[in-house]
A.B. asks: 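Got a structure here, written out as structure tokens. Questions coming.
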Amino acid sequence: MDFQLSDDQRALRSGMRDLLGAVFDRDRMRTAVERGGALDRALWRELGAAGFFALRLPEEDGGVGLGLPEAVLLFEEAGRALLPGPLVATHLAAGRVKGAAEGAAVVTAADGDRPVAHLADADAVLAGGGPLDGEALRAFVAAARPVRSMDPLTPLHLPPPEPVAGGPGRVAVAPGGVAGRAVSAPGRAPAYAGRLRYEAALLSAAEQLGSAARTTDMAVQHARERQQFGAPIGSFQAVKHLCADMLARTEPARAAVYAAAVTGDPLEIAAAKLLADEAAVRNARDCLQIHGGMGFTWEADVHLHLKRAWLRGATGLTEAEAEEELAAGLGGAPPRSGSSAAYGPGRSQAGGRA
């Protein structure tokens, strides 16, 4: 199987990198950090106009009509640029939530008991029982509790506990439920089921891959420019080894993510998420090490990649969950509910090649 990118795919990736360089350069990223991660609606609409969210919708439904391999390329660039916002949820909500495909609506996801990103900015929330909007969304937001996020670009809220007793300042909400009654909070159920669960994990892995590649580039550039003892620090063997290790983590993760995008196989997606999470976190730490004392400062961007990588690693398929998926797929273990073995070996409609 040929995993080289086609000319069209290269052009798509290059176009997204150029777009993000124009609408979300470093100055705008730093402005977003100072705003506490509040979402830029103009930027969201720019992404919608570029087809970021409608990429996989059929053309007859107003989409671009491409597949999962092409989506992976765009999310890789988003991860490279540290683009904030609930990108995965809004992309997966295109065609399901009004305005998501065009970037007119911001859609986040309430996945079990995990913190919900960008809840205050959301027009809809993907929850276990279906999308929440309108009064149900407002009640859910009122019952959620803001928590401190390790990533300054990703504000977080804890979903309401289950069950939530109705009452002032503590409203119980469920899809189709009535405010003020004791019902199960929708955040307790997984946001995605079946195929969507694995697509969400793969797109998150693509973001991790982009971050891993970016921190590798940052480390190499710094090692070339930084002088110590009259020579670039990149000439020192210890620094060379760190940079080589970063590349050696990034490229296998890239191959795994691209292959999983083509096959859509749940086991391959779990493996890709494992490799991409490791590459993103460890590369950011090595990049920080190569930058030395300045790498620990707020002015350097390295810590932003590390914090985002930590946060993404705790979403979608976590390390423990991905390992369980792979173990269940080895044979001999009975399929667990929600595992890849229970999901089956079906393929997604990837479309195209990576």
Side-chain angles (χ1 to χ4, degrees), residues 17 20-21 23-38 75-85 87 115 117 147-156 204-254 257 273-315 318-319:
R17 184 173 298 187
L20 293 179
V23 302
F24 195 69
D25 57 14
R26 186 180 185 278
D27 289 341
R28 296 191 184 188
M29 180 189 68
R30 281 293 172 168
T31 299
V33 169
E34 296 304 320
R35 288 202 314 264
F75 275 82
E76 182 182 350
E77 291 304 314
R80 183 182 182 89
L82 273 179
L83 190 64
L87 300 167
V147 292
R148 186 171 182 177
S149 173
M150 70 177 74
D151 177 15
L153 286 167
T154 309
L156 298 174
S204 178
E207 290 183 282
Q208 294 282 62
L209 172 61
S211 180
R214 175 60 182 149
T215 50
T216 301
D217 291 345
M218 291 167 64
V220 171
Q221 180 180 356
H222 184 77
R224 286 173 174 166
E225 296 174 352
R226 173 67 172 168
Q227 297 278 328
Q228 191 63 271
F229 305 113
I233 64 171
S235 64
F236 305 148
Q237 189 176 45
V239 176
K240 288 180 181 179
H241 285 178
L242 283 176
C243 292
D245 288 344
M246 294 171 73
L247 184 65
R249 283 189 289 266
T250 302
E251 292 310 308
R254 186 188 308 280
V257 170
K273 182 66 162 55
L274 269 177
L275 289 172
D277 283 347
E278 179 187 25
V281 171
R282 294 188 62 184
N283 281 17
R285 295 181 71 170
D286 283 352
C287 182
L288 192 150
Q289 180 73 23
I290 290 171
H291 276 72
M294 66 178 295
F296 289 85
T297 63
W298 182 259
E299 289 73 17
D301 296 337
V302 186
H303 70 97
L304 297 175
H305 280 276
L306 179 57
K307 292 169 181 175
R308 184 73 64 84
W310 275 333
L311 200 60
R312 286 199 204 102
T315 61
T318 64
E319 179 181 0

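Just so it is clear, the structure is predicted and the values come from calculations on it, not from any experiment.
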A.B. asks: Once you round to the nearest 0.5 Å, how far does CG of L306 lie from CG of L288?
C.D. replies: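 Output value for this atom pair is 7.0 Å.
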
A.B. asks: Can you see which heavy atom on T250 is nearest to which on A212, and at what distance?
C.D. replies: OG1-O, 3.8 Å

A.B. asks: Taking only residues two or more places apart in sequence, or in another chain, which ones meet R26 in a salt bridge (Lys or Arg N to Asp or Glu O under 4.0 Å)?
C.D. replies: D301

A.B. asks: Would you indicate whether the side-chain heavy atoms of M29 and D25 approach each other to under 4.5 Å?
C.D. replies: no

A.B. asks: Using the test side chain to side chain contact (heavy atoms under 4.5 Å, CB included), find all partners of P152 that sit at least two apart in sequence or belong to another chain.
C.D. replies: V33, W298, L304, K307

A.B. asks: Measure the spacing between CD of Q221 and CD of E225 and express it to the nearest 0.5 Å.
C.D. replies: 4.5 Å

A.B. asks: side-chain hydrogen bond (donor to acceptor under 3.5 Å, both in side chains): which pairs involve residues 226-246, sequence neighbours left out?
C.D. replies: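 Qualifying pairs: none.
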
A.B. asks: Drop me the distance from N283's CG to L247's CG, to the nearest 0.5 angstrom.
C.D. replies: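 That separation rounds to 9.0 Å.
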
A.B. asks: Closest heavy-atom contact between L311 and M150?
C.D. replies: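 Looks like N-SD, 4.2 Å.
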
A.B. asks: Supply the atom-to-atom distance L242 CG to F236 CZ, rounded to the nearest 0.5 angstrom.
C.D. replies: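 These two atoms lie 13.0 Å from each other.
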
A.B. asks: Could you give the distance from CZ (F75) to CG (L209), rounded to the nearest 0.5 Å?
C.D. replies: 13.5 Å

A.B. asks: So which heavy atom on L156 is nearest to which on A117, and how close?
C.D. replies: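 The answer is CD2-CA, 3.9 Å.
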
A.B. asks: Please list, chain by chain and in numerical order, all residues satisfying side chain to side chain donor-acceptor pair (under 3.5 Å) with T215, sequence neighbours excluded.
C.D. replies: none

A.B. asks: Do R254 and V257 come close enough that some side-chain heavy atom pair is under 4.5 Å?
C.D. replies: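 The answer is no, as the side chains (C-beta and beyond) never meet within the 4.5 Å cut-off.
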
A.B. asks: Grab the two heavy atoms, one from V239 and one from G234, that are nearest each other, plus how far apart they are.
C.D. replies: CG1-CA, 4.1 Å

A.B. asks: Rounded to the nearest 0.5 Å, what's the gap from SG on C243 to CD1 on I290? Could you check?
C.D. replies: 3.5 Å

A.B. asks: For A276 and A205, work out which heavy atoms get closest and say how close.
C.D. replies: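 Distance-wise, the nearest heavy atoms are CB-O, 3.4 Å.
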
A.B. asks: D277 versus E319: any side-chain heavy-atom pair under 4.5 Å?
C.D. replies: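 The answer is no, as the side chains (C-beta and beyond) never meet within the 4.5 Å cut-off.
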
A.B. asks: Ion pair present between R308 and E207, side-chain N to carboxylate O less than 4.0 angstrom?
C.D. replies: no

A.B. asks: Looking only at atom types and distance, does a side-chain atom of Q208 sit under 3.5 Å from a main-chain N or O of K273, one as donor and one as acceptor?
C.D. replies: no

A.B. asks: For P155 versus G37, what's the shortest heavy-atom pair and its separation?
C.D. replies: CD-O, 3.7 Å

A.B. asks: Sequence neighbours excluded, which residues qualify as side chain to side chain contact (heavy atoms under 4.5 Å, CB included) partners of T315?
C.D. replies: S204, R312

A.B. asks: Who pairs with D217 by side chain to side chain contact (heavy atoms under 4.5 Å, CB included), at least two apart in sequence or on another chain?
C.D. replies: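 For D217 the side chain to side chain contact (heavy atoms under 4.5 Å, CB included) partners, ignoring immediate neighbours, are R80, R214.
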
A.B. asks: Applying the ring-ring contact (aromatic ring centres under 6.0 Å, His included) test to H291, which of H305, H222, H303 qualifies?
C.D. replies: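 Considering H305, H222, H303, a ring-ring contact (aromatic ring centres under 6.0 Å, His included) with H291 is found only for H222.
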
A.B. asks: By side chain to side chain donor-acceptor pair (under 3.5 Å), which residues pair with T154, not counting sequence neighbours?
C.D. replies: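 Partners of T154 by the side chain to side chain donor-acceptor pair (under 3.5 Å) criterion, ordered by chain and then number, come out as D151.
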
A.B. asks: Any salt bridge (charged side-chain N to carboxylate O under 4.0 Å, His left out) involving residues 227-239? Give me the pairs, sequence neighbours left out, ordered by first then second residue.
C.D. replies: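 Matches after skipping sequence neighbours: none remain.
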
A.B. asks: Among residues at least two apart in sequence or on other chains, which ones pass salt bridge (Lys or Arg N to Asp or Glu O under 4.0 Å) with D286?
C.D. replies: R249

A.B. asks: Using the test side chain to side chain donor-acceptor pair (under 3.5 Å), find all partners of E77 that sit at least two apart in sequence or belong to another chain.
C.D. replies: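 Result, side chain to side chain donor-acceptor pair (under 3.5 Å) vs E77: R17.
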
A.B. asks: List in chain and number order the residues that pass side chain to side chain contact (heavy atoms under 4.5 Å, CB included) with R224, two or more places apart in sequence or in another chain; answer none if no residue qualifies.
C.D. replies: V220

A.B. asks: Can you name the salt bridge (Lys or Arg N to Asp or Glu O under 4.0 Å) partners of R282, sequence neighbours left out?
C.D. replies: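 Applying salt bridge (Lys or Arg N to Asp or Glu O under 4.0 Å) to R282 gives E278.
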
A.B. asks: Should C287 and M246 count as side-chain neighbours, where that means a heavy-atom distance under 4.5 Å?
C.D. replies: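 The answer is yes, as the side chains (C-beta and beyond) meet within the 4.5 Å cut-off.
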
